[in-house]
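Protein chains get the first letters and strands the later ones, always in sequence-line order, with residue 1 at the start of each.
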Amino acid sequence: MNLPEPYRLLIFLAGTLAFVGFHAAYLVWVERKGAGRFQRRPGPTEAGYAGLLQPIADALKLLSKQVIVPPTSDAVLFRAAPMMVMAPALMCLAVIPFGETLVARKVNFGLVMVFAFGSINVMAIMLSGWASRNKYAIISAARIVSQNVAYEIPMLLVAITLLMMMGTMDLQEIVRKQAGWFWNWNLFQLAANPLMPVTFLIFYICMLAETNRAPFDMAEAESELVAGAFTEYAGMGFGVFFMAEYANVVVGCSLATILFLGGWQSPIGWLPGPWWFLAKMYFLIFCVVWVRWTFPRTQFYGLLNLSWKILIPVSLFTLVLTSVMLKLF
Amino acid sequence: MVSQEPTCSSDLSQVVRFAKLDELLALGRANSLWPLTFGLACCAIEMMAAGASRFDISRFGAEVFRPSPRQADVMIVAGTINKKMAPAVKTLYDQMLEPKWVIAMGNCAISGGPFVFPGQYAVIEGVDKLFPVDVFIPGCPPRPEALIEGILELEEKLTGKRRWPRVKPE
Ligand code: SF4
């Protein structure tokens with residue numbers, strides 16, 4: 001948009017905050033409604049029409065709940081962790097292109113920036129567990145570190161595969177290169193790499209693991225670790241983690257949309273725009289909820305084995321395959 | 001001696017009114033009563049049934065069973081409280097943060113239920129011996145509908161309004 005720079009930035013700042021706030025609140029509703037539907041029960045129905053006021057009731061409740069900082073905890077880190085988990089998601093949205101001109105900041109290394117800030121999220125959850133000085137929280141913090149190390153690798157390998165194909169780190173440029181009908185999307189670029197759908201699947205699984213969604217929610221394994229890293233958080237401190245989880249899901253699904261599903265490009269070749277972006281993103285988010293309420297939580301060893309024994313070798317193979325294909329054809 | 005009424009507070013209430021805000025907060029709290037994941041005996045099975053698809057307490061926003069007492073609002077004491085279990089239950093209650101409520105579900109939690117007889121030495125006769133209780137739900141075990149009724153009763157205690165008209169037993 002052609003507004004003077006300070007106004008443009010302010011508008012986008014407010015827009016990003018509203019976007020994240022709205023999605024964090026209403027994805028909770030989607031999740032609870034979805035959970036209900038997947039288990040053949042209605043989900044929230046009483047607070048407002050179809051339970052639409054449920055997130056507002058929850059927010060009021062959480063805001064008016066007592067907050068404590070346990071006396072044995074590290075008070076500074078304990079307070080800083082919720083902020084650190086929310087801020088990176090907001091930062092990532094600054095470079096995500098929602099439409100042809102609808103992007104807060106054009107950065108030509110957007111991909112690196114999203115990955116750089118994306119990993120702060122996991123570190124913040126680790127810090128929250130560490131600062132609580134609660135044995136369950138510390139076990140959870142240790143798990144988060146190994147989980148993050150294991151899943152960051154295949155995710156970055158997939159990103160490198162895409163980088164080789166696209167030749168740019170500018171997210172807007174990546175979307176532009178996927179213009180036209182849906183077979184131009186990276187997901188269907190079988191000429192560059194016959195295993196492209198597998199690559200997408202790896203990316204999606206890693207995204208689930210990085211955002212701590214079931215079946216990989218080792219951070220909050222309530223059957224083993226009380227509430228994991230969030231055990232000591234109450235009221236809005238906990239609410240922020242709750243919201244940040246959904247904010248990170250939004251970022252992850254946006255990134256998957258941009259990298260594989262052609263971002264704001266239309267699947268039928270005309271009328272590209274932000275609505276396509278949102279439609280694809282919501283579809284991916286729906287799949288996240290679907291996966292969560294369909295699969296039980298994995299064991300921790302299963303989680304690490306999946307990454308080290310399957311995802312990393314396969315993603316390395318697709319990386320090599322892509323480079324060979326690029327060289328040959 | 002005549003007790004000195006604190007006049008300032010009654011004067012203040014004429015000027016500063018938080019009634020609307022309080023009502024709003026009460027509505028918010030009543031619609032998101034997160035229970036503690038916590039069951040002691042057979043009544044807990046009925047509590048689980050209340051969360052499952054046939055009865056579904058999620059309609060009232062109360063299905064978010066939080067495993068950590070820090071995040072829970074209402075403790076549903078579902079089952080027999082043994083003398084050995086009592087300290088743990090008390091600790092859980094103390095770890096919950098204000099505002100917090102307690103529902104005593106089943107005869108055991110109300111008065112010891114079938115375990116009361118002369119000379120019994122193992123069971124606490126009623127959870128109100130340990131901490132204050134807001135709603136009692138009789139039954140051995142109470143049906144899930146009764147637990148839902150208990151939650152509605154607690155909501156009425158918070159907001160002062162009944163959500164649905166009360167059903168008269170025939
Ligand atoms: S009241 Fe009856 S059903 Fe409930 S815990 Fe006691 S004995 Fe079991």
Side-chain angles (χ1 to χ4, degrees), chain A residues 28-29 31-48 50-70 73 132 134 136-137 140 217 220-239 241-242, chain B residues 18 20-38 48-74 88 91-92 94-101 144 148 151-152 154-155 158-159 161-164:
Chain A
V28 177
W29 177 81
E31 175 104 50
R32 289 171 72 171
K33 226 33 193 172
R37 294 295 166 164
F38 289 125
Q39 297 170 358
R40 305 195 68 189
R41 54 189 176 83
T45 55
E46 293 300 318
L52 276 174
L53 294 180
Q54 192 64 54
I56 297 172
D58 284 340
L60 278 176
K61 199 272 315 261
L62 285 171
L63 281 171
S64 63
K65 186 112 178 140
Q66 181 190 0
V67 173
I68 57 156
V69 179
S73 68
S132 301
N134 173 311
Y136 302 112
S140 160
D217 58 341
E220 203 196 341
E222 66 250 25
S223 52
E224 306 141 34
L225 295 179
V226 190
F230 317 134
T231 305
E232 295 288 351
Y233 282 89
M236 213 49 203
F238 168 70
F241 281 110
F242 215 50
Chain B
F18 291 110
K20 286 289 167 225
L21 184 62
D22 277 344
E23 271 171 34
L24 190 67
L25 281 186
L27 263 181
R29 284 169 181 164
N31 279 299
S32 93
L33 288 170
W34 294 359
L36 186 61
T37 317
F38 164 67
M48 293 168 212
S53 21
R54 176 149 179 195
F55 300 98
D56 195 18
I57 50 174
S58 86
R59 288 178 288 149
F60 309 98
E63 94 277 30
V64 192
F65 280 92
R66 291 308 308 168
S68 163
R70 303 275 191 227
Q71 296 142 15
D73 306 300
V74 48
T91 310
L92 279 177
D94 292 339
Q95 280 173 337
M96 283 168 68
L97 299 180
E98 294 289 344
K100 60 186 167 189
W101 299 278
I148 291 176
I151 287 174
L152 292 186
L154 184 57
E155 286 179 2
L158 292 182
T159 59
K161 286 188 211 75
R162 173 80 186 171
R163 192 197 279 276
W164 281 334

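Near-neighbour residues of residues 60-67 of chain A relative to chain B, defined by a heavy atom under 4.5 Å from a heavy atom of that chain, comprise A:Leu60, A:Lys61, A:Leu62, A:Ser64, A:Lys65, A:Gln66.
In this structure, the separation between OG on B:Ser58 and NZ on A:Lys33 is 7.5 Å, given to the nearest 0.5 Å. The CZ atom of B:Arg59 sits 13.0 Å away from the CD atom of A:Gln54 when rounded to the nearest 0.5 Å. To the nearest 0.5 Å, the span separating CD on A:Glu46 from CD1 on B:Ile57 amounts to 13.0 Å. Rounding to the nearest 0.5 Å gives a distance of 11.0 Å between CD of B:Gln71 and OH of A:Tyr233. Within the model, atoms CG of A:Leu53 and CG of B:Asn31 stand 8.5 Å from one another, a figure rounded to the nearest 0.5 Å. Atom CD of residue B:Glu98 and atom CD1 of residue A:Ile68 lie 11.5 Å apart, to the nearest 0.5 angstrom.
If you measure heavy-atom distances from B:Arg54 to chain A, you find no contacts under 4.5 Å at all. Looking at B:Ala72, the atoms closer than 4.5 Å to chain A (heavy atoms on both sides) all sit in the backbone: N, CA, C or O. Proximity to chain B (any heavy atom under 4.5 Å) is restricted, for A:Gln39, to the backbone atoms N, CA, C and O. If you measure heavy-atom distances from A:Phe230 to chain B, the contacts under 4.5 Å come from both the backbone and the side chain.
One N or O on the side chain of B:Asp56 and one on the backbone of A:Gly43 form a donor-acceptor pair closer than 3.5 Å.
Listed by chain and number, the residues in a side-chain contact (heavy atoms from CB on, under 4.5 Å) with B:Pro67 are A:Glu222, A:Ala227, B:Thr37 (sequence neighbours excluded). With sequence neighbours excluded, the residues forming a side-chain contact (heavy atoms from CB on, under 4.5 Å) with A:Val28 are A:Arg32, A:Phe242, A:Tyr246, listed by chain and number. With sequence neighbours left out, the side-chain contact (heavy atoms from CB on, under 4.5 Å) criterion links B:Leu158 to B:Arg29, B:Ala30, B:Leu33, B:Trp101.
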May I have the step-by-step check of side-chain contact (heavy atoms from CB on, under 4.5 Å) for A:Asp58 and B:Trp34, ending in yes or no?
CA-CA 9 Å; A:Asp58 284 340; B:Trp34 294 359; 3.6 Å; yes
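Around atom OH of A:Tyr136, no more than 12 heavy atoms belonging to other residues, nucleotides or ligands sit under 6.0 Å away.
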